[in-house]
Amino acid sequence: MTRNALYAQSGGVTAVINASACGIIETARKHNDRIGKVFAGRNGIVGVLKEDLIDTSVESTDAISRLRSTPSGAFGSCRYKLKSIEESRLAYGRLIDVFAAHDIGYFFYNGGGDSADTCLKIARLSQDMGYPVQAIHVPKTVDNDLPETDNCPGFGSAAKYIATSTLEASLDVASMAMSSTKVFIIEVMGRHAGWIAAAGAMASSAEHPIPTIILFPEIPFDRGRFIDRVRDAVSSSGYATVVVSEGLSDENGRFLSDQGLTDAFGHKQLGGVAPALAAMVMQETGYKYHWAVADYLQRSARHIASKTDVEQAYAVGRAAVEMALEGENSVMPSIVRTDNDPYRWEIGKARLEDVANIEKKMPRDYIDASGYGITRACRDYLRPLMEGEDYPAYRNGLPNYVRLQNVSVPRKLDTDFRI
């Protein structure tokens, strides 16, 4: 039986999330005897709820292929969390109505832990409501905090960008430190897990021994110890580079950058820890400083994406379709590291019960004894995820990214859904 597929992107996008979309759509087109059309939710699950779907079948083979090298979410994403089935029964019922109206037999949800939870609930509810849908979660997050997978697509490219930016900015500071800036602080993403911050330590090597100070959310912040560390670095090297996770917190678990706001997922709205640290440095030492917030740059920098990351993002998209065609449900394609030197990996399979709403933090043995750096084991873990280049095509000096037509699918339901 031929049935249609539905794909949606969720949460913060990455430099390679469209590579997963490319993997899904290209693989589905090869199996047109079982999969009819691939629809996409415009702006993620919100588009599905509003029956605002995109027909990817109108896109050319070339356009879909170019998704592999285009950043951001080609179909739009959203931050919209579906609560429990009891609290959001109308919403889940609406999803099933949309699936039934458009003969959706396969649902691919590309996101992090919250979307894994939604995908799991949809799979269970569809069975209960008598309209079975094979729901496959496709992993994505720059935070690298999904369990049951060695790493998450999106992380390797963000790590490569942060390591590169830390290296380049540090060389800049080093050249000016004698008479000018002595401390550079870069704030990176990572609410509870310090994987991206750890990548900043990769900037330091035997060739360029950069005095990096990494501030992990896993290690409670101690103002006195931090200032001493800055003074020691400046005394020995002339300058210091600080890479701080946005989720840095004190011994009481209070975020240093808590703005008192929450996002659509109910998470604390963070941002501003870099200037807070800079103010501490000035107050305690008088050193001249500069700070930067990587923000969207670290997750959108496709021009410097990791080749490993691009290949893995495409592979989990392809595997999601293959798993669905094999009859799998409530699962996620995972990445399994089979060897470190040389680096080898393969696709595995994780149950969504073991993935949803679980955060994978930095192992303590990846953080050195001081709490301000990374160990050899961490370097061995990070290195292959950042390796290789997969440059997009360029035109007029800029990356030549694709823009899809995103043609709407005619609506079939009479009612609208209020978000």
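Predicted, not measured: the structure shown is a model, and the values here were computed from it. Counting from 1, the numbers follow the sequence of the chain as shown.
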Q.
Counting only heavy atoms not in N396 (residues, nucleotides, ligands), do more than 12 fall under 6.0 Å from its CG?
A.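 Atom CG in N396 is not crowded, with 12 or fewer foreign heavy atoms closer than 6.0 Å.
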Keeping the roles fixed (side chain from [X], backbone from [Y]), state whether a donor-acceptor pair exists under 3.5 Å.
X	Y	result
K182	A177	yes
K160	M386	yes
S245	G190	yes

Cut-off 3.5 Å, side chains only: do [X] and [Y] have a donor facing an acceptor?
X	Y	value
E59	T56	no
D368	S370	yes
E51	H102	yes
N18	Q9	yes

| request: Indicate yes or no: at least one non-hydrogen side-chain atom of L385 is less than 4.5 angstrom from one of S306. | output: no
task = Start with the C-alpha distance between W195 and Y381, add both sets of side-chain angles, then the distance that settles ring-ring contact (aromatic ring centres under 6.0 Å, His included), and finish with yes or no.
result = CA-CA 11 Å; W195 295 103; Y381 170 80; 5.2 Å; yes
For N110 and K140, the nearest pair of non-hydrogen atoms, with its separation, is ND2-CB, 3.5 Å
Scanning both residues in full, the closest heavy-atom pair of S170 with Y239 reads O-CE1, 3.8 Å
Candidate list Y7, Y131, F99, F39, test ring pair (Phe, Tyr, Trp, His ring centres under 6.0 Å), partner F107, passing option
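Only one of Y7, Y131, F99, F39 forms a ring pair (Phe, Tyr, Trp, His ring centres under 6.0 Å) with F107, namely F99.
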Output for pair (T375 OG1, Y366 OH), nearest 0.5 Å, gives 7.5 Å
Item to check | From OH (Y106) to CD (Q134), nearest 0.5 Å | outcome: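 Result: 5.5 Å between the selected atoms.
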### Query
Does a side-chain N-to-carboxylate-O contact under 4.0 Å join R351 and D354?
yes
| field | Y343 six-ring centre to R383 NZ/CZ under 6.0 Å and within 45° of normal | value |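 Judged by the rule, R383 and Y343 form no cation-pi pair.
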Determine whether S84 and E87 satisfy the following criterion, side-chain hydrogen bond (donor to acceptor under 3.5 Å, both in side chains), listing intermediate values before the conclusion.
CA-CA 5 Å; S84 68; E87 294 175 280; 3.0 Å; yes
Donor-acceptor pairs are to be reported for all side-chain atoms of residues 145-152 against protein atoms at under 3.5 Å, with residues two or more places apart or in another chain.
| unit_1 | atom_1 | unit_2 | atom_2 | d |
| --- | --- | --- | --- | --- |
| T149 | OG1 | N151 | O | 2.9 |
| T149 | OG1 | I335 | N | 2.9 |
| D150 | OD1 | R337 | NE | 3.2 |
| D150 | OD2 | R337 | NE | 3.2 |
| D150 | OD2 | R337 | NH2 | 3.1 |
| N151 | ND2 | Q312 | OE1 | 2.8 |

